[in-house]
Amino acid sequence: MSNPAIQIENVSVYYGQTPAITGICLDVGEGEYLGIIGPNGGGKSTLLKAVLGLVPISSGTVRIYGKEAKGSRTVLGYVPQFSNVDKNFPITLNEVVLTGRMKAGISPLFRFSKSDREAVSKILEKIGIAHLASRQISELSGGEFQKMLIARALAMKPKVLLLDEPTASVDASSQEQIYRLLDELNKNMTIILVTHDLLAVSSQVKRLACLNGKLVYHGEPELSEHVVNSLYGCPVDLIAHGVPHRVLKEHGEEKTE
Ligand code: ADP
Ligand code: MG
């Protein structure tokens with residue numbers, strides 16, 4: 001890999017005595033579009049948080065563009081699985097996205113600059129939500145809300161975008177728009193996408209990692225039945241929502257006796 005954006009070396013994270021992920025080794029190259037799938041509780045969110053420095057790493061190292069230092073994390077943009085934005089808080093979409101421009105340790109008299117506002121306007125245009133800028137967030141659809149969170153993550157112009165199940169609760173057309181957007185962003189940004197959506201994984205990402213406490217698979221976004229079984233330990237149809245053939249080689253035709 002010529003220029004790794006993120007190097008995860010033998011990383012384990014424990015919550016108390018319980019391991020969430022153990023011995024994860026994974027490099028993410030500059031410009032890559034990596035999908036991460038796995039069962040609920042498989043440690044996907046934990047792995048992203050370990051990269052972001054949001055949970056302490058029990059052992060191993062994470063390097064971002066070759067550096068271990070905390071400061072290097074400013075190149076990471078993050079769309080969390082469970083957002084800390086209260087949908088009922090009286091605030092506009094534009095204001096939420098602007099908060100993405102805040103740096104740590106700001107003073108009480110902090111004001112956003114003209115360049116903050118211009119940067120945010122550009123991002124809203126790019127994501128196609130400029131017309132919603134002054135909308136109260138309580139009046140956004142699920143898809144619009146999610147696009148707002150992506151815009152907020154982009155506000156600092158990160159080099160790497162990490163998204164944790166960004167399409168989990170949005171309608172089909174918003175899902176499609178989000179995937180199109182990620183495809184576009186990937187032209188000049190590294191993307192790590194955690195998803196339960198196998199269809200998206202197969203048609204969107206360039207590489208795939210499967211996580212079930214350990215890294216079960218890392219490679220082409222095409223899965224054998226064997227990997228899926230060791231990953232989920234359940235029949236593939238349960239997890240593939242009727243579209244298993246897109247990702248599964250040799251899906252058990254022979255089993256329909
Ligand atoms: P996934 O995102 O793949 O569903 P998580 O990373 O959220 O998995 O969780 C991995 C494991 O760690 C699960 O067993 C979960 O219950 C546990 N876990 C996650 N967050 C915490 C926490 N803050 N405290 C204790 N256990 C946690
Ligand atoms: Mg999760």
Side-chain angles (χ1 to χ4, degrees), residues 6-28 33-62 64 70 73 76-87 142-143 145-150 152-153 160-170 174-175 178-179 182 190-202 204-205 207-219 221 223 227-236 238-241 244 247:
I6 295 174
Q7 292 162 285
I8 299 166
E9 284 169 25
N10 211 14
V11 163
S12 302
V13 175
Y14 281 69
Y15 294 110
Q17 301 293 310
T18 314
I21 48 175
T22 51
I24 307 295
C25 296
L26 182 65
D27 282 0
V28 185
Y33 189 167
L34 174 74
I36 301 179
I37 62 165
N40 268 335
K44 305 181 295 296
S45 298
T46 298
L47 181 62
L48 291 193
K49 287 176 190 168
V51 170
L52 289 152
L54 299 175
V55 293
I57 293 170
S58 311
S59 62
T61 54
V62 172
I64 295 152
K70 274 211 170 120
R73 293 202 166 98
L76 307 179
Y78 176 44
V79 179
Q81 180 174 11
F82 303 108
S83 117
N84 53 1
V85 180
D86 176 357
K87 286 201 167 95
F145 192 86
Q146 208 58 35
K147 285 183 215 162
M148 171 185 77
L149 295 182
I150 295 173
R152 185 181 63 168
V160 185
L161 184 62
L162 302 95
L163 306 102
D164 198 347
E165 311 221 13
T167 62
S169 55
V170 307
S174 299
Q175 278 186 18
I178 289 171
Y179 288 131
L182 295 181
T190 308
I191 296 185
I192 304 179
L193 171 70
V194 167
T195 180
H196 62 284
D197 183 349
L198 289 187
L199 180 61
V201 157
S202 61
Q204 290 282 317
V205 302
R207 282 177 83 73
L208 187 62
C210 304
L211 197 60
N212 189 2
K214 294 187 160 82
L215 200 63
V216 179
Y217 174 85
H218 180 216
L223 292 174
V227 169
V228 172
N229 283 338
S230 62
L231 186 59
Y232 292 93
C234 64
V236 289
L238 275 180
I239 50 140
H241 308 295
V247 285

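Remember, it's 1-based here, ligands and their atoms both numbered in the order they're listed. As the structure is a prediction and not an experimental result, all values here were calculated from the model. In what follows, every heavy atom counts, from backbone to side chain, and hydrogens, waters and symmetry copies are set aside.
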Rounding to 0.5 Å, atoms CG (Asp27) and CD (Glu9) come to a distance of 7.0 Å
Which heavy atom in Thr195 sits nearest to a heavy atom in Ile37, and how many Å separate them? O-CG2, 3.3 Å
Please assess Ile6 against Thr190 for the test side-chain contact (heavy atoms from CB on, under 4.5 Å), listing each intermediate value before the final yes or no. CA-CA 10 Å; Ile6 295 174; Thr190 308; over 6 Å; no
Rounded to the nearest 0.5 Å, how far apart are CG of Leu47 and CG of Leu211? 6.0 Å
Side-chain heavy-atom pair Leu48, Gln81 within 4.5 angstrom cut-off: no
Inter- and intrachain pairs under salt bridge (charged side-chain N to carboxylate O under 4.0 Å, His left out), touching residues 44-53, at least two apart: none
Write down, by chain and number, every protein residue that brings a non-hydrogen atom to less than 4.0 Å from an atom of ligand 1. Tyr15, Ala20, Pro39, Asn40, Gly41, Gly42, Gly43, Lys44, Ser45, Thr46
Check residues 10-19 and write down every donor-acceptor pair under 3.5 Å in which the side-chain atom is one partner and the other belongs to a residue at least two apart or another chain.
from, atom 1, to, atom 2, distance (Å)
Ser12, OG, Gly23, N, 3.1
Tyr15, OH, Thr46, OG1, 2.9

Is there a side-chain contact (heavy atoms from CB on, under 4.5 Å) between Gln146 and Val79 once you walk through the steps? CA-CA 9 Å; Gln146 208 58 35; Val79 179; 3.7 Å; yes
Tell me if a side-chain donor or acceptor on Arg152 pairs with a main-chain N or O of Tyr78 at a distance below 3.5 Å. no
Taking the Mg ion (ligand 2) as the centre, count the protein N/O/S atoms lying under 2.8 Å from it. 2
